[in-house]
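Worksheet for the structure shown next.
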Amino acid sequence: VRADRLEKSGATFAAKRLHEGTEALRSRDNWFRPVFLAHGPDDALYVADMYRGAIEHPVYLPDEVRKRTDFTAGKDKGRIWRLRSASAPRKAGASRLAGRVSSELAREFRSPVAWRRETAFRLLLERLDPEPLADIRRLWKDPATPSAGRCLALRWMDQVGQLDGPTLVSALRDADPNVRRHAVELAGALLGNEGGASATNRPPSTLPQELTRLAQDPDPQVRFQSALALAGRPGGEVLESLAQIAARAPSDPYTQAAVLAAVDPRDGLRQLLPAFLRKASPKVAGCPAFLLEWARLLARGLPDAELPLALKSMLLMSGSEGLESRCALFGGFMDGVGTRRETALSGDALELARPLFREAAEAAGKESLPVEQRMRALLVLASDASPVSGRALLSCLAVPVPELQKSAVRALASPVHQAGVSQVFEAERWARYSPSARHAILVTFSQQPSLAAVLLDAVRSEEHTSELQSRGLISYAV
């Protein structure tokens, strides 16, 4: 049984091993079968051990092994292990909370043991008894109450319809980031249910301003929750706050998704870009990843008639940005256009991108640049049919970096390159490709009907037949 410590990592958590070189629980007994664990009222961890001799299904074992294996051995056995800290008592004392009065259950919110806090919370919710309200309000205000207990107090007041405006605003300004995060979630739910809220639970008029203020919160999880709470709210201040949240953590995929989902898919997305560019430093890691996803979503959501003007506006607006950001914007936009059926942009709409194509072709061949940056350059070249871009894509196929090779293959498979894509199978080039590059080529070409003729021509070529047969793709292509 492995033990991990959860540590904050952006909008979510990362697991770090607690015991290096060993486990929290291990055994030399080969019948040891831990199948379930639970936290107990004594703060110990209880592990259910099925304790069986064989757990494999007979059908998956050879006949000789099945003949000498008793698959029922241990069916009358089983163990429960109790893992406790060295300072905990050796024996677990009885702890029944179900018979306690509500005021006693409320006091369990102060317990350092999570099982006791959460069980008391559940029992109080089942009773729907407003009697402990005064006790829970005092516990909420008491700094001696653990952070988790104060969060449960907020949740309980919300569930019974007693979470008033001053308490919620106080929670949003609390010194503890966990309390602020829970408060933001409750505030977002209240804003989304303004019409059906009770008199006590009606959100205060200042609540939207409180949420926009939290876009500056030092804790990334509070900012993430704020983006979710602000979803669908109108106004320039909300848009500026969402841009600020994105600018603080552009490489966090969860924050990125929350911000992009919070804005209107047409007008909101368009207005988000200039606000983001004003607040984000181009040197911040992850900015290109956010810009690429923003442009992809914009292109997917616009009507066909608006795509050319949107592309021109985006290219003009980003003209002063660095090459990496411009590649991300253009590549993401064209990738979004490519996901739409029977939608293409004319040469006029792409004319402004000619300088970008030349820069991207140069960047794709620079070994000194990070792989991610070169991959974004290749995404740009997928839209340019010029010989310069074609040569850059073919040269990247010979680079022994699987991610770069796959990006080059996808770009070469785009409609604008299909006239000269047969060069991919030239014998001299083919000999320089790595196995991963060859595999990427064969899989990509076999899955696109428009490239079937090129692949079939390669099948007829003696130097490629054995490779295609080894991958089992000849019958698929035919």
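No hydrogens, no waters, no symmetry mates; every other heavy atom, side chains included, goes into these values.
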_Phe71 atom CZ, over 12 foreign heavy atoms within 6.0 Å_ = yes

_Within a 6.0 Å radius of atom CD on Glu7, are there more than 12 heavy atoms belonging to other residues, nucleotides or ligands?_
yes

*Distance only, no hydrogens: is a donor on one side chain within 3.5 Å (strictly under) of an acceptor on the other, for Ser395 and Arg391?*
no

_Between Phe290 and Phe276, is the ring centroid distance below 6.0 Å?_
yes

*Does Tyr46 have its ring centroid less than 6.0 Å away from the ring centroid of Trp81?*
no

_Can you list everything that forms a side-chain hydrogen bond (donor to acceptor under 3.5 Å, both in side chains) with Arg296? Sequence neighbours excluded, please._
Glu293, Asp335

*Strictly by modelled atom types, are Ser27 and Asp29 linked by a side-chain donor-acceptor pair under 3.5 Å?*
no

*Report the residues that fulfil salt bridge (Lys or Arg N to Asp or Glu O under 4.0 Å) with Glu118, sequence neighbours left out, ordered by chain and then residue number.*
none

*Would you please indicate yes or no on a ring centroid separation below 6.0 angstrom for Phe330 and Phe357?*
yes

*Salt bridge Arg173-Glu210, side-chain N to carboxylate O under 4.0 Å*: yes

*If you take all heavy atoms of Ala44 and His39, which pair is closest and at what distance?*
O-CD2, 3.4 Å

_Any Gln221 side-chain heavy atom under 4.5 Å of Phe13 side chain_ = yes

